[in-house]
J.: 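I have a structure here, written as structure tokens, and I will follow up with some questions on it.
Lettering of chains follows the sequences in order, A, B, ..., and the numbering in each one begins at 1.
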Number of protein chains: 2
Amino acid sequence: MDKTAYLDAARRHCESRGCRLTELRQQVLELVLEHPGVVKAYQVLADLQRQRGAAAPPTVYRALDFLVEQGLLHKVDALNGFILCHHFDCPHDGLILVCERCGGVEELDATGCLSSLTDAMGKVGFTPRAQNLVLTGTCRSCQA
Amino acid sequence: MDKTAYLDAARRHCESRGCRLTELRQQVLELVLEHPGVVKAYQVLADLQRQRGAAAPPTVYRALDFLVEQGLLHKVDALNGFILCHHFDCPHDGLILVCERCGGVEELDATGCLSSLTDAMGKVGFTPRAQNLVLTGTCRSCQA
DNA sequence: TTTACGATGTTATACAGTAACATGTAGCCT
DNA sequence: AGGCTACATGTTACTGTATAACATCGTAAA
Ligand SMILES: [Zn+2]
Ligand SMILES: [Zn+2]
Ligand SMILES: [Zn+2]
Ligand SMILES: [Zn+2]
């Protein structure tokens with residue numbers, strides 16, 4: 001999917017959820033799109049300032065939070081960063097692997113891999129919220 | 001295990017690994033012990049300042065990093081916090097469950113539950129960093 | 001038109017984490 | 001003893017991450 005098609009799909013995705021992909025939000029999404037792998041909020045902020053002059057942290061954090069809310073991005077807590085989700089339109093129990101060395105992102109289908117985890121949680125009465133697992137580590141090409 | 005026994009076990013654990021649980025490190029560990037669930041670094045810092053006067057961030061971060069290194073604490077990236085590990089003496093992969101409603105934290109030993117995930121990652125050549133999975137959801141006592 | 005609501009702008013601040021360098025402390029070697 | 005070494009802690013200053021609180025603006029329903 002090329003960039004334009006992706007943005008179109010993202011717009012339709014938001015509208016189908018009763019939200020608007022405003023110009024600012026799209027601009028932030030495009031900035032994330034420019035980067036491979038993990039993007040940091042303050043990197044986006046710097047990019048945004050280069051494009052439209054003054055901009056403050058809340059501007060970019062609000063846009064990023066919105067995009068995460070819509071499922072267009074995932075937050076990677078361990079790295080204080082964000083990554084694109086390429087499957088926002090189909091519900092997926094994804095397993096997202098982030099390489100600590102090259103910043104590359106890989107997505108696995110974890111369906112069928114989570115049953116034992118779910119069982120373990122069920123034994124203590126814990127009900128997990130649907131969410132994506134994000135793990136950090138080292139990818140194949142970065143193995144020492 | 002009561003507090004004294006825990007601290008004794010922690011001390012022996014460190015010494016068996018060729019490290020010392022110094023007075024400062026033990027003091028930080030005790031401060032973490034005082035809190036149920038997740039503890040934040042700056043909360044520990046504030047507590048520490050109340051006990052021994054001046055103290056700066058590096059003091060508490062160094063101690064916390066040491067304790068994580070020894071396996072006595074786990075870092076919870078999603079919450080920028082730390083939790084006690086109650087079975088530091090046996091190697092394990094932690095599965096940390098955070099209740100969205102009451103904020104309680106529970107750690108499961110997921111060592112036997114991750115093989116299918118590990119297999120899936122192995123197939124793409126990905127080596128996960130030793131880490132804890134953090135999931136949010138609803139705990140038993142908060143079930144609606 | 002008025003009202004309400006969502007989005008954005010703006011300022012200031014809180015919270016999280018680290019670099020770099022100084023000082024102390026304990027064991028070891030000569 | 002004197003000096004060497006390694007580790008632990010103290011201290012200052014800073015970078016990076018994130019949010020609170022309030023102001024402004026556009027749009028669309030009432
Ligand atoms: Zn996804
Ligand atoms: Zn890599
Ligand atoms: Zn543990
Ligand atoms: Zn609960």
Side-chain angles (χ1 to χ4, degrees), chain A residues 10-11 14-15 17-32 35 38-70 72-83 98 100 103 134 136, chain B residues 10-11 14-15 17-32 35 38-70 72-83 103 131 134:
Chain A
R11 155 158 297 106
C14 292
E15 285 169 0
R17 294 166 50 99
C19 298
R20 289 187 304 133
L21 185 64
T22 64
E23 193 184 336
L24 172 65
R25 287 163 176 172
Q26 175 173 331
Q27 194 175 2
V28 167
L29 182 56
E30 289 182 69
L31 289 173
V32 174
H35 294 269
V38 176
V39 193
K40 315 277 273 185
Y42 272 67
Q43 177 63 57
V44 174
L45 177 58
D47 295 346
L48 197 60
Q49 287 168 336
R50 216 170 298 117
Q51 289 190 359
R52 53 160 64 195
T59 298
V60 66
Y61 275 102
R62 282 194 284 234
L64 290 170
D65 289 347
F66 170 85
L67 295 170
V68 169
E69 186 87 11
Q70 301 303 309
L72 297 168
L73 303 182
H74 294 303
K75 190 170 196 327
V76 186
D77 290 311
L79 303 175
N80 295 316
F82 300 82
I83 62 173
V98 182
E100 293 176 309
V134 181
T136 58
Chain B
R11 156 159 295 106
C14 292
E15 284 167 0
R17 293 167 51 98
C19 298
R20 290 187 305 133
L21 185 64
T22 64
E23 193 182 338
L24 172 65
R25 289 163 175 172
Q26 175 172 334
Q27 194 175 3
V28 167
L29 182 56
E30 289 182 69
L31 289 172
V32 175
H35 293 270
V38 177
V39 193
K40 317 276 272 180
Y42 272 65
Q43 177 63 58
V44 173
L45 176 58
D47 295 346
L48 196 61
Q49 287 168 336
R50 214 168 303 117
Q51 288 189 1
R52 53 159 65 193
T59 298
V60 67
Y61 274 102
R62 282 193 285 234
L64 289 170
D65 288 348
F66 170 85
L67 296 170
V68 168
E69 187 87 10
Q70 301 303 309
L72 297 168
L73 303 182
H74 294 304
K75 187 166 195 332
V76 185
D77 287 316
L79 304 175
N80 294 318
F82 300 83
I83 62 171
Q131 63 195 298
V134 181

J.: Please give, in whole Å, the distance from C:dT8 C1' to A:Leu64 CG?
T.: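 To the nearest whole Å, that distance equals 15 Å.
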J.: To the nearest angstrom, how far is A:Leu45 atom CG from C:dT11 atom C1'?
T.: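 So the CG-C1' distance, A:Leu45 to C:dT11, works out to 15 Å.
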J.: With sequence neighbours left out, write down each residue that passes salt bridge (Lys or Arg N to Asp or Glu O under 4.0 Å) with B:Glu69, or none if nothing qualifies.
T.: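 Applying salt bridge (Lys or Arg N to Asp or Glu O under 4.0 Å) to B:Glu69 gives none.
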J.: Test of understanding: with side-chain contact (heavy atoms from CB on, under 4.5 Å), list the residues that count as partners of A:Arg52, not counting sequence neighbours.
T.: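 Partners of A:Arg52 by the side-chain contact (heavy atoms from CB on, under 4.5 Å) criterion, ordered by chain and then number, come out as A:Leu24, A:Gln27, A:Leu48.
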J.: Applying side-chain contact (heavy atoms from CB on, under 4.5 Å), name anything that partners A:Arg20, two or more places apart in sequence or on another chain.
T.: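 With sequence neighbours excluded, A:Arg20 shows a side-chain contact (heavy atoms from CB on, under 4.5 Å) to A:Thr22, given in chain and number order.
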J.: Rounding to an integer number of Å, can you tell me how far B:Leu48 CG sits from D:dG10 C1'?
T.: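 The answer, rounded to whole Å, is 12 Å.
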J.: What protein N or O atoms touch nucleotides 15-20 of chain D N or O atoms at under 3.5 angstrom, if any, and at what distances?
T.:
from	atom 1	to	atom 2	distance (Å)
D:dT17	OP1	A:Lys40	NZ	2.9
D:dA18	OP1	A:Lys75	NZ	3.2
D:dA18	OP2	A:Tyr61	OH	2.9
D:dA18	N7	A:Tyr42	OH	2.8

J.: Can you sort out the partners of A:Gln70 under side-chain hydrogen bond (donor to acceptor under 3.5 Å, both in side chains), two or more places apart, ordered by chain and number?
T.: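 Result, side-chain hydrogen bond (donor to acceptor under 3.5 Å, both in side chains) vs A:Gln70: A:Arg17.
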J.: For B:Arg11, what residues pass the side-chain hydrogen bond (donor to acceptor under 3.5 Å, both in side chains) criterion, not counting sequence neighbours?
T.: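 Per chain and number, B:Arg11 pairs via side-chain hydrogen bond (donor to acceptor under 3.5 Å, both in side chains) with B:Gln26.
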J.: Do any side-chain nitrogens or oxygens of B:Thr59 fall under 4.0 Å of OP1 or OP2 in D:dT9?
T.: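 The answer is no; no side-chain N or O of B:Thr59 sits under 4.0 Å from OP1 or OP2.
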J.: Using the test side-chain contact (heavy atoms from CB on, under 4.5 Å), find all partners of B:Asp47 that sit at least two apart in sequence or belong to another chain.
T.: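 Checked B:Asp47 against side-chain contact (heavy atoms from CB on, under 4.5 Å); matches are B:Leu31, B:His35, B:Gln43, B:Arg50.
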J.: Going by side-chain contact (heavy atoms from CB on, under 4.5 Å), name the residues that satisfy it together with B:Tyr61, two or more places apart in sequence or in a different chain.
T.: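 Checked B:Tyr61 against side-chain contact (heavy atoms from CB on, under 4.5 Å); matches are B:Ala41, B:Tyr42, B:Pro57.
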J.: Are A:Asn80 and A:Lys40 close enough that some pair of their side-chain heavy atoms sits under 4.5 Å apart?
T.: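 Yes - at least one pair of side-chain heavy atoms lies under 4.5 Å apart.
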J.: Just the atom pairs and distances: protein N or O near nucleotides 28-30 of chain D's N or O, under 3.5 Å.
T.:
none

J.: Quick one: list whatever passes salt bridge (Lys or Arg N to Asp or Glu O under 4.0 Å) with A:Asp77, sequence neighbours left out.
T.: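 Partners of A:Asp77 by the salt bridge (Lys or Arg N to Asp or Glu O under 4.0 Å) criterion, ordered by chain and then number, come out as A:Lys75.
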J.: If the condition is ring pair (Phe, Tyr, Trp, His ring centres under 6.0 Å), which residues does B:His74 pass it with, not counting sequence neighbours?
T.: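 Listed in chain order: B:His92.
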J.: Does the side chain of B:Leu73 reach to within under 4.5 Å of the side chain of B:Leu29, using non-hydrogen atoms?
T.: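 A side-chain contact exists here, since the closest heavy-atom pair is under 4.5 Å.
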J.: For the pair made of CZ in A:Phe66 and C1' in C:dT8, what is the distance, rounded to whole Å?
T.: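 Result: 14 Å.
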J.: Roughly how many Å is it from CD in A:Glu23 to P in D:dC25, rounded to a whole number?
T.: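 Answer to the nearest Å: 18 Å.
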J.: Rounded to the Å, how far apart are A:Leu67 CG and C:dT8 P?
T.: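 In whole Å, C:dT8 P and A:Leu67 CG are 10 Å from each other.
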J.: Atom pairs, N/O to N/O, protein against nucleotides 21-27 of chain C, distance under 3.5 Å?
T.:
none

J.: Picking from D:dT11, C:dG9, D:dA8, which would you name as closest to the side chain of B:Thr22?
T.: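 Per side-chain heavy atoms of B:Thr22, the pick is D:dA8.
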J.: Round to a whole Å and report the spacing from CG of A:Asp77 to P of C:dC15.
T.: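 Value for this atom pair: 19 Å.
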